[in-house]
Number of protein chains: 2
Amino acid sequence: MSNSVPPRRATLSDVAAQAGVSRATVSLVLRDSPLVAEPTRARVRAAAERVGYLYNRGAATMRGTRTKTVGLVVTEIDNPFFAEMAAGVEAALDQAGYIAFLAATRDAPDRQDRALRRLREHRVDGIILCPALGTQVAEIATLAAHGVPCVQAMRRVPGSGGDFTAPANRAGMQALALHLIAAGRRRFAFAGAGVMHSGVRERLAGLRDALRRHRLPPPTLLRTPGTRAGGAATARLLAALPERPDALVCSNDVMAFGAIAALEQAGWRVGSEVAVTGVGDVPEAATYRPALTTLRTGPRQIGEAAVRLLLRRIADPGAPAERLVMPAELVVRASCGGGRRSA
Amino acid sequence: MSNSVPPRRATLSDVAAQAGVSRATVSLVLRDSPLVAEPTRARVRAAAERVGYLYNRGAATMRGTRTKTVGLVVTEIDNPFFAEMAAGVEAALDQAGYIAFLAATRDAPDRQDRALRRLREHRVDGIILCPALGTQVAEIATLAAHGVPCVQAMRRVPGSGGDFTAPANRAGMQALALHLIAAGRRRFAFAGAGVMHSGVRERLAGLRDALRRHRLPPPTLLRTPGTRAGGAATARLLAALPERPDALVCSNDVMAFGAIAALEQAGWRVGSEVAVTGVGDVPEAATYRPALTTLRTGPRQIGEAAVRLLLRRIADPGAPAERLVMPAELVVRASCGGGRRSA
DNA sequence: TGCGCCTTTTGGATCAATCTAACTAGCATC
DNA sequence: GATGCTAGTTAGATTGATCCAAAAGGCGCA
């Protein structure tokens with residue numbers, strides 16, 4: 001079984017010979033052109049079946065048509081957030097007859113360079129990009145200059161222009177903060193990564209908006225990595241503050257999980273003494289104890305939206321740039337001291 | 001910026017004209033052939049730089065060389081387990097100059113068919129496949145017959161042969177069961193999906209081995225979906241049993257999380273009254289309360305191993321099939337009643 | 001000067017599709 | 001009988017990199 005000869009792949013010519021027509025006719029039939037008469041069409045179909053013909057997209061691409069491939073560039077795939085976005089992208093692309101190349105940058109611009117270059121070598125029709133921290137505007141401009149459609153997702157390189165989709169970070173965070181304020185919280189801390197990407201900056205801005213509107217002092221900034229460990233690190237920082245905050249707003253769910261565990265270990269009563277919130281609403285958020293109050297950003301929907309924008313751009317490269325802001329829903333759970341239960 | 005003309009891409013001929021040499025020479029230079037003299041080499045390099053030349057892999061592919069692409073087919077990307085495996089695959093491929101097409105089957109053979117067909121149309125050099133439930137041997141055989149190297153990962157289609165890599169499910173589960181038995185557990189239940197894939201079957205077999213060896217009765221089988229909800233459903237089933245089990249072995253971590261939450265809600269004391277265990281050791285397992293005893297299967301390592309096997313197979317299609325079983329490490333935590341703490 | 005030998009370079013064919021323009025029937029119309 | 005028109009089909013050029021056989025150039029040696 002394993003040592004059988006790998007047979008030469010059948011080509012258009014083989015099918016043509018079998019059917020007794022020309023290559024051109026076969027090509028037309030395979031692409032469902034109305035130019036071919038029904039009997040011929042049937043003969044060609046049968047011949048293709050007989051010789052086990054398989055379309056060779058590579059050869060087709062050479063004549064200048066589309067590759068029907070798209071590059072999906074994220075910072076990391078193992079991260080429930082991007083994993084879910086990738087799932088949305090994959091599903092939407094599949095439906096459109098496209099398939100995605102997967103690349104991870106681990107937030108390193110040089111790795112991102114390599115990935116983008118490789119994708120261009122493969123002549124992808126477009127790219128969905130969650131830009132790595134420190135990405136220069138020039139990078140994005142290069143893609144545009146080479147005529148490669150690119151949609152930025154989740155984050156955006158400031159001043160880069162072009163299509164973009166992300167959750168309503170600022171408005172969502174405002175809503176979350178207003179809820180906490182209404183529940184009596186007054187002294188806020190915000191946990192975000194040392195170098196913030198645009199999404200985190202927007203969340204922080206939303207929090208500041210709400211506090212300012214209620215004439216409350218701005219949040220204390222805790223600059224720890226956006227990971228579980230980074231969240232845990234905030235416990236020490238909080239304890240060291242002159243005035244204990246009564247609300248810790250984390251820039252993502254995973255940080256919140258780390259923070260809650262560390263805070264409880266240090267004797268804080270999370271939910272009453274201090275409210276802790278996240279962003280994302282990953283599956284773990286609902287079952288975590290205490291269940292996590294968070295902002296549902298719908299990564300899957302964002303992935304689907306990114307595909308919509310990209311396919312539109314591929315179809316019409318001249319269309320004006322579009323920004324698609326997806327609603328972010330406040331999900332209130334026990335970690336901020338109760339309120340109605342929610343899935 | 002957005003309405004600048006997308007300039008015609010530079011080709012080998014353009015570079016050749018710039019450098020005053022032939023296409024063939026340029027091709028040799030780009031592929032680092034030792035045949036070209038140093039001065040010429042430098043001249044060509046400079047010319048390529050000047051005209052902004054970008055390698056066109058598609059054209060090269062036509063001459064029969066490799067595409068340097070690989071298909072990664074999993075059941076779902078949003079699933080911490082596969083996400084981490086995908087991360088391992090991506091990293092290993094990147095290092096080898098390859099890039100992966102991503103496809104998700106959602107465990108549906110027809111979707112898998114579509115994906116495999118599309119990958120073959122794109123002439124991938126090989127495929128890493130976590131076969132969907134119900135995949136027929138014929139599917140795998142078709143790939144082999146067409147000379148497409150394929151490595152099965154995590155699961156295997158029974159009787160399909162070929163390369164394969166997965167965690168040591170059976171041995172690992174034996175170790176886990178022995179630990180529980182040594183801790184005094186006697187009445188076991190096993191929660192697995194209704195239709196079990198090979199990995200789950202192996203885990204069940206390992207559990208049965210250990211129980212048989214200690215002359216204990218075989219485990220009660222709970223056939224609920226392999227999800228959080230499926231895990232939660234086991235609580236009702238357990239309560240309905242004539243004799244309450246004192247150990248619930250779940251076929252994956254996510255089920256265990258669902259089970260623990262539901263059992264505690266129903267008044268069971270998890271860890272003392274009943275031990276609950278998972279498989280996978282996803283990040284959530286360490287921070288869950290109670291922390292989850294589980295089998296660390298190292299999905300990232302499995303992804304890397306799959307790439308190793310695949311690249312080997314691509315390089316030497318005639319080599320004998322290889323099965324690579326990755327060690328599964330027992331991680332004891334609070335959910336089985338303590339023992340030493342572990343990360 | 002001619003010959004062999006080695007290094008370096010090259011033209012042309014090749015891969016498998018698509019595109020263009022032209023060609024063939026068949027039939028009606030003037 | 002020439003012309004126009006339509007529907008169906010096709011030969012040949014095209015795409016960009018690679019492979020092959022052969023050519024060009026340089027050098028030493030008889």
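These numbers come from the heavy atoms of this one structure, side chains and all, not from hydrogens, waters or symmetry mates. In what follows, chains are A, B, ... by sequence order, proteins preceding strands, each numbered from 1. As the structure is a prediction and not an experimental result, all values here were calculated from the model.
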inquiry  = Going by side chain to side chain donor-acceptor pair (under 3.5 Å), name the residues that satisfy it together with B:Arg300, two or more places apart in sequence or in a different chain.
reply    = A:Asp78
Less than 3.5 Å apart, which donor and acceptor atoms pair up between the side chains of residues 128-138 of chain A and the rest of the protein, not counting sequence neighbours?
unit_1	atom_1	unit_2	atom_2	d
A:Thr135	OG1	A:Gln112	NE2	3.0
A:Thr135	OG1	A:Ala132	N	3.2
A:Thr135	OG1	A:Ala132	O	2.5
A:Gln136	NE2	A:Gly134	O	3.1

key: Near-strand residues of residues 33-51 of chain A, defined as heavy-atom separation under 4.0 angstrom from DNA chain C   = none
key: Qualifying residue, where the test is side-chain hydrogen bond (donor to acceptor under 3.5 Å, both in side chains) with B:Asp163 and the options are B:Arg156, B:Arg313, B:Gln152   = B:Arg313
ask   = Under the salt bridge (Lys or Arg N to Asp or Glu O under 4.0 Å) rule, what pairs show up with a residue in residues 137-155 of chain A, not counting sequence neighbours?
value = A:Asp107-A:Arg155
Donor-acceptor contacts, no H, no angles, side chain residues 68-76 of chain B, under 3.5 Å, sequence neighbours left out:
unit_1	atom_1	unit_2	atom_2	d
B:Thr69	OG1	B:Thr67	OG1	2.8
B:Glu76	OE2	B:Asn79	ND2	3.3

ask   = For the atom pair CG (B:Leu119) and CD1 (B:Ile127), what is the distance rounded to the nearest 0.5 Å?
value = 5.0 Å
query = Does the pair A:Asp14/A:Arg8 count as a salt bridge with the N-to-O cut at 4.0 Å?
reply = yes
note = Its 5'-most and 3'-most nucleotides having an atom under 4.0 Å from a non-hydrogen atom of chain A, DNA chain D is contacted over D:dG8 to D:dG16
remark   = Here the salt bridge (Lys or Arg N to Asp or Glu O under 4.0 Å) pairs for residues 83-94 of chain A, sequence neighbours left out, are A:Asp94-B:Arg114, A:Asp94-B:Arg118
Enumerate, atom names and distances included, each donor-acceptor pair closer than 3.5 Å involving a side-chain atom of residues 52-62 of chain B, sequence neighbours excluded.
unit_1	atom_1	unit_2	atom_2	d
B:Asn56	OD1	B:Gly58	N	2.9
B:Asn56	OD1	B:Ala59	N	3.2
B:Arg57	NE	A:Glu121	OE1	3.3
B:Arg57	NH2	A:Glu121	OE1	2.6
B:Thr61	OG1	B:Arg57	O	2.8

key: Stepwise salt bridge (charged side-chain N to carboxylate O under 4.0 Å, His left out) test for A:Arg45 and A:Asp32   = CA-CA 11 Å; A:Arg45 286 258 159 71; A:Asp32 283 322; 2.9 Å; yes
request  = Please report how far the helix from C:dT1-D:dA30 to C:dC30-D:dG1 bends, comparing the axis fitted to its first five pairs with the axis fitted to its last five, to the nearest 10 degrees.
outcome  = 80°
Scan nucleotides 17-19 of chain C against the protein and return all N/O pairs shorter than 3.5 Å with their distances rounded to 0.1 Å.
unit_1	atom_1	unit_2	atom_2	d
C:dA17	OP1	A:Tyr53	OH	2.7
C:dA17	OP1	A:Asn56	N	3.4
C:dA17	OP2	A:Leu12	N	2.5
C:dT18	OP1	A:Tyr55	OH	3.0
C:dT18	OP2	A:Ser27	OG	2.4
C:dT18	O2	A:Arg63	NE	3.2
C:dT18	O4	A:Arg23	NH2	3.2
C:dC19	OP2	A:Arg31	NH1	3.2
C:dC19	O4'	A:Arg63	NH2	2.9

ask   = Contact class for B:Val21 (heavy atom, under 4.0 Å): base, sugar-phosphate, or nothing?
value = sugar-phosphate
key: Set of side chain to side chain donor-acceptor pair (under 3.5 Å) partners for A:Ser27, sequence neighbours left out   = A:Arg31
query = Looking at residues at least two apart in the chain, or sitting in another chain, which of them share a ring-ring contact (aromatic ring centres under 6.0 Å, His included) with B:Phe101?
reply = A:Phe101, B:His122
